[in-house]
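Take a look at the structure below.
All values below come from the heavy atoms of this structure, side chains included, with hydrogens, waters and symmetry mates left out. Predicted model only: the values in this text are computed from it and were never measured.
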Amino acid sequence: MATIQVLLDESGAILGTTRSPDTASGESAPEHVGLLAGPGQQLVEIEVADGLLEGSPAELHAHLRASLLG
């Protein structure tokens with residue numbers, strides 16, 4: 001299982017996802033990278049099967065829509 005962050009807008013539409021916590025690489029990269037919710041947005045963390053992260057973003061978002069908004 002993997003933990004991901006899901007950023008939702010006011011209507012519950014998925015704006016983006018990222019693994020949580022994610023790390024950046026490079027000389028001046030921050031220690032951790034994540035999403036930040038703005039006004040009217042919501043950030044949730046959920047666990048998903050590792051296999052879901054191997055597919056396309058469209059497949060992941062379709063699964064999340066069914067799971068979160070189902």
Side-chain angles (χ1 to χ4, degrees):
M1 297 293 279
T3 301
I4 64 170
Q5 292 180 327
V6 182
L7 182 62
L8 306 169
D9 70 8
E10 294 173 335
S11 68
I14 298 170
L15 300 174
T17 60
T18 189
R19 288 189 81 147
S20 173
D22 204 355
T23 56
S25 61
E27 190 173 309
S28 61
E31 185 174 327
H32 294 286
V33 178
L35 297 173
L36 181 63
Q41 298 174 340
Q42 181 181 7
L43 185 63
V44 295
E45 284 192 353
I46 61 171
E47 286 192 357
V48 297
D50 292 328
L52 284 173
L53 301 178
E54 296 171 3
S56 72
E59 292 170 332
L60 174 62
H61 286 202
H63 174 80
L64 293 174
R65 276 193 297 278
S67 298
L68 294 175
L69 305 175

Completion exercise
Here the gap from Glu45 atom CD to Arg19 atom CZ, rounded to the nearest 0.5 Å, amounts to 12.5 Å
Handout entry: Those residues that, when tested against Glu47, pass side-chain contact (heavy atoms from CB on, under 4.5 Å) (two or more places apart)
Key = Met1, Thr3
Problem - Minimum-distance pair of heavy atoms, taken over all atoms of Leu36 and Gln41 - result: O-OE1, 4.1 Å
Problem - Leu52 CG to Ser67 OG distance, which is reported to the nearest 0.5 Å - result: 8.0 Å
Handout entry: Derivation and outcome, side-chain contact (heavy atoms from CB on, under 4.5 Å), residues Thr17 and His61
Key = CA-CA 8 Å; Thr17 60; His61 286 202; 3.8 Å; yes
Exercise for the section: Would you sort out whether Leu15 and Leu8 count as a side-chain contact (heavy atoms from CB on, under 4.5 Å), showing the intermediate values? Expected result: CA-CA 6 Å; Leu15 300 174; Leu8 306 169; over 6 Å; no
Fill in the blank from the handout: With sequence neighbours left out, the residues meeting side-chain contact (heavy atoms from CB on, under 4.5 Å) with Leu43 are Gln5, Leu7, Leu35, Ala37
Practice task
May I have the step-by-step check of side-chain contact (heavy atoms from CB on, under 4.5 Å) for Ile4 and Thr18, ending in yes or no?
Solution key: CA-CA 6 Å; Ile4 64 170; Thr18 189; over 6 Å; no
